[in-house]
Amino acid sequence: MDYKKLSELLFPNIEKTTEYYEALYPERNLPEGAKVTRLGPSPTGFIHLGNLYGAFVDERLAHQSEGVFFLRIEDTDDKRLVEGAEEIIINSLRFFGINFDEGVTSKGDIGAYGDYTQSHRGEIYQCFAKKLVEEGKAYPCFLTEEEINNIRNNQEEIKANPGIYGKWATSRNLTMEEIEEKLSKKLPYVVRLKSDGDLSKSDENIRRIKVKDAIRGVLDMPENDQDTVILKATGIPTYHFAHVVDDHLMRTTHVVRGAEWLPSLPIHVELFEKLGWQPPVYCHTAQLMKLDEEGNKRKLSKRKDPELSLDYYRNEGYHPKAVREYLLTILNSNFEEWRIANPDLDIEEFEFTTEKMSNSGALFDLNKLNDISKDVLLKISKEELYDFLKNWADEFRSEDENMVEILKDRAYLEKILDIGRKEAKPRKDHIYAKQMVENISYFFDSMFKIEDEMPKEAEADVKVILEKYLESYDHTDDQSQWFDKIRVIAEELGYAAKPKDFKKNPDMYKGHVGHVSTVIRIGLMGRQQSPDVWEIQQILGEAKVRERLSNFLK
RNA sequence: GGCUCUAUGGUCAAGUGGUUAAGACUCCGCCCUCUCACGGCGGCUACCCGGGUUCGAAUCCCGGUAGAGUCACCA
């Protein structure tokens, strides 16, 4: 077989040589140890927590080592294109603090290793495919879908491994004449790798490949024997081929990807070998899991788990810092300890390492996120909190008139957001925007309503309690003066001034001062539970306090 | 089914031959307290199973089991 002739036949328009591209994209001039990483999303516009998790690893690895982190759009699947997806991806990641140094941006490519969109790189892939054909390492395959199905059925019957390999790869044996004839009939074909692998040998004779993985240590698996498609009938490369060519040419040093790629690693290794290149360092991350309906762990799926989309967290109003902090706790097992020891340091100061990464799938834990979020929001100033709420409302609650009222008076809202946060043991009321809004809604007349029942201990005295309270109310009282008055009212009406007295002798009293103040609380806030009443009254102002209580008495 | 990965409490996890098997979240109880939150104290609950190796195994070896991933002209 004249492979040179075959390659010319298949790729008549490819004139550039592989040397041309090697020279065009030389080794990067970076400091010792600098890592080059990349994110290669397919442009469906959908990213979930798992993608962010991986992106975070890429970002940390690159930026901790003075390296480069670039964005490459992997749009080799023409069936899944979504308009404007790149924009969404870039914006979502930026929101969560992930920024690229190089690659696709909304204003075109940045960097010397482009083009960074795979669909624009057809000529490059074809050039390297041509080289493989020329060296007899790849070949055209004319198998139709039907023929492939038949092969699979046969394989199933005799319990052979499925796929196109070895004797099943019938197009390997085509003569030049047969190929020329099929080509002249314009029959569609793909280009397949001609694998040297052979898995039909006895176990101990099968060649095993050993690849170092920065997270998992040495990977040891059987070599590839599949004649994997490298160029589809359309001339577009498959992921496997694009990955190998791009990451070589773009001089990627570390490939971070999900563990679902582990099984195809032998294919990539063989491709690197056939092309004569050094593979990058692989970092196969554990997948984020969730509990499905049957109670089993399952990989996060973009189709089934829309609630794990990044948009969900933005929509709920989680602060990006909280999400980052959470991700880091499941990413690096020593992060939590570090955080406890260094509560005020920036996340960037933490030394992230692949060695400390878990390689089993972590279950997403909303409780933990919420807990972390409380601490994160506590450290954010009231001014910043206001801006955060404002931006969130602009983006996700633009139709909500309540939000307009909430945001109308900046000073007022800031005071509300800061309730109880300055004490030595500060309140941690805030978790995420949506929750915050619900939490503080009673401060605003349009949302204020009586939500809770009066305590049954004081039900009969509601009217008289509120009347006495209004009568004695002095807005200039300090907190202890204010509460002393409530004690007086309680005692006058037969309630214990201290809850402990009531607990000791429940028969002597109707209830205790707590029940009395709960009545006031409901009159003022409509709820049985709230932060300190005195503090809230100071924020509401005297007029509003009197108005609400009077209205309640009507 | 083949191949691969994983296996410590409800969850996330320390742990690399000798520990009373850390810690965080959740849950429960108590304390603080006008409610809630915060905080403090305490509690429940764990080394998948079976064989080895060893004076000694969560840790090493072998064999099971379970869960997950993958086996496309998707990525």
Peer 1: Within the structure, does a side-chain N or O atom of A:Lys368 lie under 4.0 Å from either OP1 or OP2 of B:A13?
Peer 2: no
Peer 1: Could you tell me which nucleotide pairs with B:U19 by Watson-Crick or G-U wobble geometry, both distances under 3.5 Å, or answer none if nothing does?
Peer 2: none
Peer 1: Would you call A:Asp477 and A:Lys485 a salt bridge, using N to O less than 4.0 angstrom?
Peer 2: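 Looking at A:Asp477 and A:Lys485, the cut-off is met.
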Peer 1: Mapping A:Gln479 and A:Pro188 onto RNA chain B by nearest heavy atom, which one lands closer to the 5' end?
Peer 2: A:Gln479
Peer 1: When the C1' atoms of B:C27 and B:C3 are considered, how many whole Å apart are they?
Peer 2: 41 Å
Peer 1: Using a 4.0 Å heavy-atom cut-off, does A:Trp482 contact any base of the nucleic acid, only the sugar-phosphate backbone, or nothing at all?
Peer 2: base
Peer 1: Got a donor-acceptor pair under 3.5 Å from the side chain of A:Asp532 to the base of B:C34?
Peer 2: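 Yes, the side chain and the base share a sub-3.5 Å donor-acceptor pair.
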Peer 1: Quick check: any donor-acceptor pair below 3.5 Å linking the side-chain of A:Arg521 to the base of B:C34?
Peer 2: yes
Peer 1: Show your reasoning for whether side-chain hydrogen bond (donor to acceptor under 3.5 Å, both in side chains) applies to A:Asp75 and A:Gln118.
Peer 2: CA-CA 6 Å; A:Asp75 55 349; A:Gln118 288 185 334; over 6 Å; no
Peer 1: Need one value for A:Asn334: base, sugar-phosphate or nothing, where a base atom within 4.0 Å counts as base even if backbone is also close, heavy atoms only.
Peer 2: nothing
Peer 1: Distance between the P atoms of B:A14 and B:G1, in whole angstroms?
Peer 2: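 B:A14 and B:G1 have their P atoms separated by 32 Å.
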Peer 1: Ion pair present between A:Arg72 and A:Asp246, side-chain N to carboxylate O less than 4.0 angstrom?
Peer 2: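 Yes.
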Peer 1: Rounded to the Å, how far apart are A:Glu423 CD and B:A37 C1'?
Peer 2: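 Taking atom C1' of B:A37 as the reference, CD of A:Glu423 is at 11 Å.
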Peer 1: Classify the nucleic acid contact of A:Arg216 as base, sugar-phosphate or nothing, counting any heavy atom under 4.0 Å across all strands shown.
Peer 2: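 If one applies the 4.0 Å heavy-atom cut-off, A:Arg216 turns out to touch the sugar-phosphate alone, with no base involved.
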Peer 1: Under 4.0 Å between a Lys/Arg side-chain N and an Asp/Glu carboxylate O for A:Glu223 and A:Arg208?
Peer 2: no
Peer 1: In the structure shown, which nucleotide is the Watson-Crick or G-U wobble counterpart of B:U53, with both distances under 3.5 Å?
Peer 2: none
Peer 1: Is the phosphate of B:A14 approached by A:Ser333 (side-chain N or O, under 4.0 Å from OP1 or OP2)?
Peer 2: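 For B:A14, OP1 or OP2 has a side-chain N or O of A:Ser333 closer than 4.0 Å.
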Peer 1: For the C1' atoms, the ones on B:C48 and on B:G40, what distance do you get once it is rounded to whole angstrom?
Peer 2: 37 Å
Peer 1: I would like to know whether A:Trp261 and A:Tyr282 meet ring-ring contact (aromatic ring centres under 6.0 Å, His included); could you show each step before the answer?
Peer 2: CA-CA 10 Å; A:Trp261 288 109; A:Tyr282 285 97; over 10 Å; no
Peer 1: Looking at the side chain of A:Arg427, which of B:C36, B:G1, B:U4 is the nearest nucleotide?
Peer 2: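 It is B:C36.
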Peer 1: Any side-chain N or O of A:Lys356 below 4.0 angstrom from OP1/OP2 of B:G15?
Peer 2: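 Checking A:Lys356 against B:G15: at least one side-chain N or O falls below 4.0 Å of OP1 or OP2.
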Peer 1: Using heavy atoms to find the nearest nucleotide of RNA chain B for A:Asp371 and A:Val218 separately, return the residue whose nucleotide is more 5′.
Peer 2: A:Val218
Peer 1: Using the P atom in both, what is the distance from B:C12 to B:U8, to the nearest Å?
Peer 2: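 To the nearest whole Å, 8 Å.
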Peer 1: Would you measure the distance from the P atom in B:A58 across to the matching atom in B:G17 and give it in whole Å?
Peer 2: 13 Å
Peer 1: Start with the C-alpha gap between A:His243 and A:His240, add the side-chain angles, then the distance that decides, and say whether ring-ring contact (aromatic ring centres under 6.0 Å, His included) holds.
Peer 2: CA-CA 5 Å; A:His243 151 54; A:His240 308 295; 8.6 Å; no
Peer 1: Pick from A:Leu132, A:Ile230, A:Ile164: which one makes a side chain to side chain contact (heavy atoms under 4.5 Å, CB included) with A:Arg192?
Peer 2: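 Only match with A:Arg192 under side chain to side chain contact (heavy atoms under 4.5 Å, CB included): A:Ile164.
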Peer 1: Taking atom P of B:U70 as reference, at what distance in whole Å does atom CE of A:Met221 sit?
Peer 2: 14 Å
Peer 1: Which nucleotide, B:G23, B:U70, B:A22, lies nearest any side-chain atom of A:Glu336?
Peer 2: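 Of the options given, the side chain of A:Glu336 lies nearest B:G23.
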Peer 1: Evaluate the criterion side-chain hydrogen bond (donor to acceptor under 3.5 Å, both in side chains) for residue pair A:Tyr326 and A:Asp365; output intermediate values, then yes/no.
Peer 2: CA-CA 9 Å; A:Tyr326 171 69; A:Asp365 186 350; 5.9 Å; no
Peer 1: What's A:Glu337 touching, base or sugar-phosphate or nothing? Going by heavy atoms closer than 4.0 Å.
Peer 2: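 Base, at least one base heavy atom under 4.0 Å.
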Peer 1: Which whole-number value in Å describes the distance from A:Leu265 CG to B:U4 C1'?
Peer 2: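 Computing the A:Leu265:CG to B:U4:C1' distance gives 10 Å.
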Peer 1: Starting from C1' on B:G23, measure out to CG on A:Asp365 and report it in whole angstrom.
Peer 2: 15 Å
Peer 1: Could you work out which one of B:G2, B:C74, B:C34 sits closest to the side chain of A:Ser517?
Peer 2: B:C34
Peer 1: With rounding to whole Å, what would you report as the distance between B:C25 and B:C32 at their C1' atoms?
Peer 2: 23 Å
Peer 1: Write down the distance separating the C1' atoms in B:A46 and B:U19, rounded off to the nearest Å.
Peer 2: 15 Å
Peer 1: Pick base, sugar-phosphate or nothing for A:Gln528, based on heavy-atom distances below 4.0 Å to the nucleic acid.
Peer 2: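 The residue A:Gln528 makes base contact.
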Peer 1: Using a heavy-atom cut-off of under 4.0 Å over every strand shown, decide if A:Arg208 touches base, sugar-phosphate, or nothing.
Peer 2: sugar-phosphate
Peer 1: What I want to find out is whether A:Glu355 reaches A:Arg216 closely enough, with some N-O distance under 4.0 Å, to be called a salt bridge.
Peer 2: no
Peer 1: Ignoring hydrogens and geometry, is there a side-chain-to-backbone donor-acceptor pair from A:Ser264 to A:Ile267 under 3.5 Å?
Peer 2: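 Checking the backbone N and O of A:Ile267 against the side chain of A:Ser264, no donor-acceptor pair under 3.5 Å is found.
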Peer 1: Does B:C48 have a Watson-Crick or wobble partner in any strand here, with both distances under 3.5 angstrom, and which is it?
Peer 2: B:G64
Peer 1: Which listed nucleotide (B:G69, B:C73, B:A37) is nearest to the side chain of A:Ala233?
Peer 2: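 Comparing B:G69, B:C73, B:A37 against the side chain of A:Ala233, the answer is B:C73.
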Peer 1: Would you call A:Arg421-A:Asp429 a salt bridge at under 4.0 Å N-O?
Peer 2: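 Looking at A:Arg421 and A:Asp429, the cut-off is not met.
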Peer 1: Could you state the interatomic distance from CG (A:Leu470) to NZ (A:Lys468), rounded to the nearest 0.5 Å?
Peer 2: 12.5 Å
Peer 1: Side-chain N or O of A:Arg192 versus OP1/OP2 of B:C73: is the shortest distance under 4.0 Å?
Peer 2: yes
Peer 1: State which of B:A75, B:C73, B:G69 makes the closest approach to the side chain of A:Pro263.
Peer 2: B:G69
Peer 1: With a 4.0 Å cut-off, would you call A:Lys510 and A:Glu457 a salt bridge?
Peer 2: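 Looking at A:Glu457 together with A:Lys510, the answer is no, because their closest N to O distance does not fall below 4.0 Å.
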Peer 1: For A:Val190, answer base if it contacts any base atom (sugar-phosphate contacts may also be present), sugar-phosphate if it contacts only those atoms, and nothing otherwise; contact means non-hydrogen atoms under 4.0 Å.
Peer 2: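 A:Val190: base contact, heavy atoms under 4.0 Å.
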Peer 1: In the strands shown, is B:U11 matched to any nucleotide by a Watson-Crick or G-U wobble pair with both distances under 3.5 Å, and which?
Peer 2: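 Across any shown strand, B:U11 pairs with B:A24.
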Peer 1: Describe the nucleic acid contact of A:Leu143 in one word from base, sugar-phosphate, nothing, applying a heavy-atom distance below 4.0 Å.
Peer 2: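 Contact class for A:Leu143: base.
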Peer 1: Report the distance from atom CD of A:Gln529 to atom OG1 of A:Thr518, rounding to the nearest 0.5 Å.
Peer 2: 9.0 Å
Peer 1: Hey, is the side chain of A:Thr76 poking within less than 4.0 Å of OP1 or OP2 on B:A75, counting only N and O atoms?
Peer 2: yes
Peer 1: Under 3.5 Å for both donor-acceptor distances, Watson-Crick or wobble: does B:G39 have a partner, and if so which one?
Peer 2: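 With both distances under 3.5 Å, B:G39 matches B:C31.
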Peer 1: What does the list of N/O pairs under 3.5 Å between the protein and nucleotides 39-43 of chain B look like, with a distance for each?
Peer 2:
unit_1: B:G39; atom_1: OP1; unit_2: A:Lys428; atom_2: NZ; d: 2.8

Peer 1: Measure from CD1 on A:Ile372 to P on B:C38 and round the result to the nearest Å.
Peer 2: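 So the two atoms are 15 Å apart, to the nearest Å.
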Peer 1: Give the residues of residues 487-503 of chain A touching RNA chain B, defined as any heavy atom closer than 4.0 Å, sorted by residue number.
Peer 2: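 By residue number: A:Arg487, A:Pro499, A:Lys500.
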Peer 1: Picking from B:C36, B:A75, B:C38, which would you name as closest to the side chain of A:Gln529?
Peer 2: B:C36
Peer 1: With rounding to whole Å, what would you report as the distance between B:A13 and B:U65 at their P atoms?
Peer 2: 26 Å
